[in-house]
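What follows is one structure encoded as structure tokens, with my remarks underneath.
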Amino acid sequence: MTREPRFGALAADARWQAAWEAANSFATTDTADKPKAYILEMFPYPSGRIHMGHVRNYAMGDVLARFKRMTGHDVLHPMGWDAFGMPAENAAMEKGVHPGGWTRDNIASMRGQLKRLGLAIDWSRELATCDPDYYGQEQALFLDLFAAGLVTRKESYVNWDPVDMTVLANEQVIDGRGWRSGALVEKKKLSQWFLKITDFADDLLEGLGGLDSWPDKVRLMQENWIGKSQGLEFSFKLVGGAAGFDVFTTRPDTLFGASFAAISPDHPMAERMAQDAPELAEFIAECRRQGTSAEQLETGEKLGFDTGLTVEHPLDPALHLPVWVVNYVLMDYGTGAIFGCPAHDQRDLDFARKYELPVYRVIADSDETAHHFTGDEAYTGPGKLVNSHFLDGMTIDEAKAAIVSRAEHEGWGKGTTVWRLRDWGVSRQRYWGTPIPFIHCHSCGTVPVPKDQLPVVLPEDVDFSISGNPLDRHPTWKHVRCPSCGGDAVRETDTLDTFVDSSWYFLRFASSPSDRPFDPDVVRRWLPVDQYIGGVEHAILHLLYARFWTRALHKMGMIDIVEPFASLFTQGMVTHETYSREQGEGLPPLYFTPDEITRTADGATLTADAAAVQVGRVIKMSKSKKNVVDPDAILDQYGADAARWFMLSDSPPERDLPWSEAGIEGAWRFVQRLWRLFGDTENIGDGGEDKALARKLHQAIAGVGTDIEALGFNKAVAKIHALANDIEKAKPSATRAEACLTLIRLVAPMMPHLAEEAWAALPAQQRVTTLIADAAWPTADPALLVDDEVTIAIQMAGKLRDTMTLAKGLDKDTVEAAALARPRIAELLGGATPKKVIVVPDRLVNIVP
RNA sequence: GCGGACGUGGCGAAAUCGGUAGACGCAGCAGACUUAAAAUCUGCCGGCCUAGUGUCAUGCGGGUUCAAGUCCCGCCGUCCGCACCA
């Protein structure tokens, strides 16, 4: 092949992508003697086009996958589509297209875009969750979960749009109104399917402790979400003998500080009393109105309604506490009722001060032990119990234990654990999702669809021009025979939450037999995923649900592992500055896209009228701010390798990456610079060695490898730049020629097309494999990783005063003597003897005068 | 309100264990090559001054240490998550 003076990225991209496909380069080898590496990026939703965030995510995963191949791993690196969900139905309603057609078209075009990036993906494993082959197996797993008692049906509220006759997701409710119809949203009670994730609350919490290679931030977010609280649950008796209600507290130690009891406006007792108390009914209605408005929550004013009822204090029946209905008690946490201890809870104190209720001190951290508590700041710190009868003098923990044991002994309460985590409601009253495989029969009740009748396939002939769930309205689909009695019955018309689809796809990538969800033996080989990469927006729900499914399948004996993702990495966003002009009072600014703009050193102008525009902050690329850059346009202009290189450069991968035209141009120039260097693999000069360059080369081999392994791509990029600089500056030698050759392999994971092109242009004897995709990562020579001379800093009183170059590994006395012999140091010391000399071998000498 | 992360040149950032702060890139400046431009190459590129192997500098103020961007305490700011969780 004749070597072109410039690297033709477009032709090369297509050529090597075809070559990899022809050679089936990225299929797993399934050779047992190689260690496995399962590299997975979160699969995309097929929204239409890929965006720069995808490019960054998949570039990172790809570098790691290619590096693992080069270092002798059997790599599983698959791609698929999270293909069910609401946008497809929205498109159907807006554009009159079919959700399935819209989704499949999007997949086709996005697949094409991803392939242009040259990703080392085993495309034979591609899957889409909207494919019956996939969701049919999901239905089978759902039936298994049902059989294992992990699926239940419960009544639950949904947001109901009375105009569109549809259920709305929380994010579709804006200021209490449906986003499309603008109608006031109602709460409607429906019978829905739930997965019992709360059965695993403790396991999911404990399991976080073992996830060492997950970001602390994500573990903390999951911990808070699961929200374990331990405390006491007990019953209040109403004065007068009527049945009371249960309360939960995490502070049973403060029980003698109780001055009122409070129940939620949604508490059944409050609702019952409201039936013959119009004022209470009005108060409850008022609380519910406020609940929807975000600003009201911000201000957080405590409101209450005195029911006139009183309850007995459990440890002192003579003491009666008033019962209030209170807006800050939530029905869906704990028991929906509390006792108020204003001295030691800020919310209770705010409330008590407003309604002039008594405030009793029961915890003291100083000499101040007065029963009457003053001030507007509750004391929530440590201390000893006071004014609390048999608890006096105990620590908080001792008092908690004493109360719990007394309550349990006397039978009026018990120690309990309360979780913030709720069971996972998976019913969606929508068409474009996995049909829930159940049948409702008048005589037999709710019956699972027999497995041999799976998949329950979505009907294609659906109509989105009328409102409501198309499955429910479909003329024939839902009418079936009961599998149990053979009588008339109807199908469940709810579909599964799309988070179910993404809770097990990593298993199906590893193994996808046609007759069952996966083959346990194959799953055993590949799972867990060694490195999972995706956006932090999935820190809670997706990652928690996937962990739950893995544990559930483990409990059912279907898989060996309990955690699906051994190592998790959450990457930052791609950002861009914004360009806008003010449109005057009360109007939003007018935004411009980057291609409408001419950027100069100190500002930006609109190309069309050459007048200035305002350059705004660097923020996440979004359509509304128009600060988006289309990956296809970048690939057309610069090719895949420049785009990949820029994505990996400069910013640490967990941080946001500011996209800039100058940045991608810099990447492009570097691609060309490397191309020129790669032409020098035979230029050996006089054939001599260059020891200094050899060191730099081998340090780079080791350093770049370490950085890639740790996902420190920006550091790997910097080291490659530095090496390229060193090679360019070096005189031709055998070492330099070898460095040029080795550099091709060092950049191969990041710039695979350039590397293949350079590899193919090498003389045959220099190529050890046909494709560089099959080449091995170079080995660093340990002897060359350390320098034999070191520069040692000489400090006086911590300030740098001189440096000296010495042989590596000299003992402290020699180094100290050398430092003190330096003329500059002698001059500064002026003949005085230093008080102290600290020597850090091979690093520095610090002289304390 | 609670929890967390972060704060280093004009910009993105390095500094792996407390040991020479600013590697590498972008932008900029000066020069070479060129009829010219692009490309390419060379050099410079935190502040201050008395111009030195000077001095100050890692958000601000303290502390520990021979030595602090790094550890500790207190502020300020930015971003993220959760939010009346009993």
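A, B, ... follow the sequence lines: proteins, then strands. Residue 1 opens every chain.
- Checked against salt bridge (Lys or Arg N to Asp or Glu O under 4.0 Å), A/Glu223 has no partners two or more places apart in sequence or in another chain.
- For A/Arg669 and B/A27, the shortest distance from a side-chain N or O to OP1 or OP2 is below 4.0 Å.
- Comparing A/Gln672 and A/Arg824 against RNA chain B, the residue whose closest nucleotide sits nearer the 5' end is A/Gln672.
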>> Can you give me the dot-bracket string for RNA chain B, 5' to 3', counting Watson-Crick and G-U wobble pairs with both distances under 3.5 Å, using [ ] for crossing pairs and | for partners on another strand?
In response: (((((((..(((......[....))).(((((.......))))).((((..).)))..(((((..]....))))))))))))....
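- When the ring pair (Phe, Tyr, Trp, His ring centres under 6.0 Å) test is applied to A/His313, the partners found at least two apart in sequence or on another chain are A/Phe256.
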> Please walk me through it: do A/Phe670 and A/Trp645 pass ring-ring contact (aromatic ring centres under 6.0 Å, His included)?
Replying inline: CA-CA 9 Å; A/Phe670 188 62; A/Trp645 185 253; 5.3 Å; yes
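- Among the heavy atoms of the strands, none lies under 4.0 Å from A/Val837.
- Using bins of under 30°, 30° to 60° and over 60° for the plane-to-plane angle, the ring pair A/Phe234/A/Phe236 lands in the perpendicular bin.
- For the C1' atom pair drawn from B/A27 and B/C11, the interatomic distance equals 7 Å after rounding to whole Å.
- Between B/G4 and A/Lys217, no contact under 4.0 Å exists linking OP1 or OP2 to a side-chain N or O.
- Pairs engaging residues 835-845 of chain A under the salt bridge (charged side-chain N to carboxylate O under 4.0 Å, His left out) rule: A/Lys808-A/Asp842 [sequence neighbours left out].
- For the residue pair A/Thr575/A/Asp656, the side-chain donor-acceptor check at 3.5 Å is not satisfied.
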> Which nucleotides of nucleotides 6-20 of chain B have their base under 4.0 Å from a protein heavy atom (B), which only their sugar-phosphate (S), and which neither (-), written as one string 5' to 3'?
Replying inline: ------BSSS---BB
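- Checked for salt-bridge contact, A/Asp348 and A/Lys302 miss the test: no charged N lies under 4.0 Å from a carboxylate O.
- In terms of phosphate contacts, A/Arg420 brings a side-chain nitrogen or oxygen within less than 4.0 Å of OP1 or OP2 of B/A83.
- Of the candidate nucleotides B/G54, B/C24, B/C26, B/C24 has the atom nearest to the side chain of A/Ala718.
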Identify all side-chain donor-acceptor contacts of residues 819-826 of chain A below 3.5 Å with residues at least two apart in sequence or on another chain.
unit_1: A/Arg822; atom_1: NE; unit_2: A/Asp802; atom_2: OD2; d: 3.0
unit_1: A/Arg822; atom_1: NH2; unit_2: A/Asp802; atom_2: OD2; d: 3.4
unit_1: A/Arg822; atom_1: NH2; unit_2: A/Thr803; atom_2: O; d: 3.1
unit_1: A/Arg824; atom_1: NE; unit_2: A/Arg801; atom_2: O; d: 2.8

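- Residue contacts for A/Asn725: at a heavy-atom cut-off of 4.0 Å it reaches the sugar-phosphate backbone alone, with no base atom in range.
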